[in-house]
Amino acid sequence: GDGEVDEFAAGGIDPVHAGDIVQLWSQEDDLRIEVAAIAEQSGALGQSVRVRLMQRPTLGQQIEEQFNGVVRGPHDVEMQR
């Protein structure tokens with residue numbers, strides 16, 4: 001609708017939006033781990049957002065895998081330690 005056009009005009013487009021599927025990654029020395037996650041918050045470049053892993057735990061475990069990450073680009077989030 002018109003609201004979207006206004007958003008673009010205002011420059012309010014974040015690279016990560018709540019509900020987006022993002023690539024959550026962690027780099028340590030020569031090891032890089034990547035996993036698909038869902039953004040729980042919207043964020044601009046360099047902002048910290050909460051994400052949760054898409055995988056459902058097996059064997060009936062009720063574990064919500066939530067992490068904080070830093071927005072590095074569109075659908076691209078670096079895991080925070």
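Both Val35 and Val77 sit in one connected hydrophobic cluster of ILVMFWY residues. Membership requires side-chain heavy atoms under 4.5 Å apart, directly or through other members. Trp25 and Ile38 are assigned to two separate hydrophobic clusters, defined by single-linkage of ILVMFWY side chains at heavy-atom distances under 4.5 Å. The cluster map of Ile, Leu, Val, Met, Phe, Trp and Tyr, joined by side-chain heavy atoms under 4.5 Å apart, puts Val22 and Val70 in different clusters. Hydrophobic clustering, with ILVMFWY side chains joined whenever heavy atoms are under 4.5 angstrom apart, groups Val16 together with Leu53. Put simply, Leu45 and Leu24 are part of the same group of oily side chains (I, L, V, M, F, W, Y) that touch within less than 4.5 Å, one to the next.
Between Val49 and Gly43, the shortest heavy-atom contact is CG1-CA, 3.7 Å. In plain terms, the two heavy atoms of Ser42 and His17 that are nearest each other are OG-CA, 3.4 Å. Across Ala44 and Val71, no two heavy atoms sit closer than the pair O-CB, 3.3 Å.
The shortest distance between side-chain heavy atoms of Pro15 and Asp76 does not fall below 4.5 Å.
In this structure, the salt bridge (charged side-chain N to carboxylate O under 4.0 Å, His left out) partners of Glu40, at least two apart in sequence or on a different chain, are Arg50, Arg52.
No donor-acceptor distance shorter than 3.5 angstrom exists from the side chain of His75 to the backbone of Gln23, with no hydrogens or angles considered. For Gln27 (side chain) and Asp29 (main-chain N/O), a donor-acceptor pair under 3.5 Å exists by modelled atom type.
Listed by first then second residue, pairs satisfying salt bridge (Lys or Arg N to Asp or Glu O under 4.0 Å) with a partner in residues 15-24 number zero, not counting sequence neighbours.
Distance check, rounded to the nearest 0.5 Å: CD of Glu78 to OG of Ser26 gives 7.0 Å.
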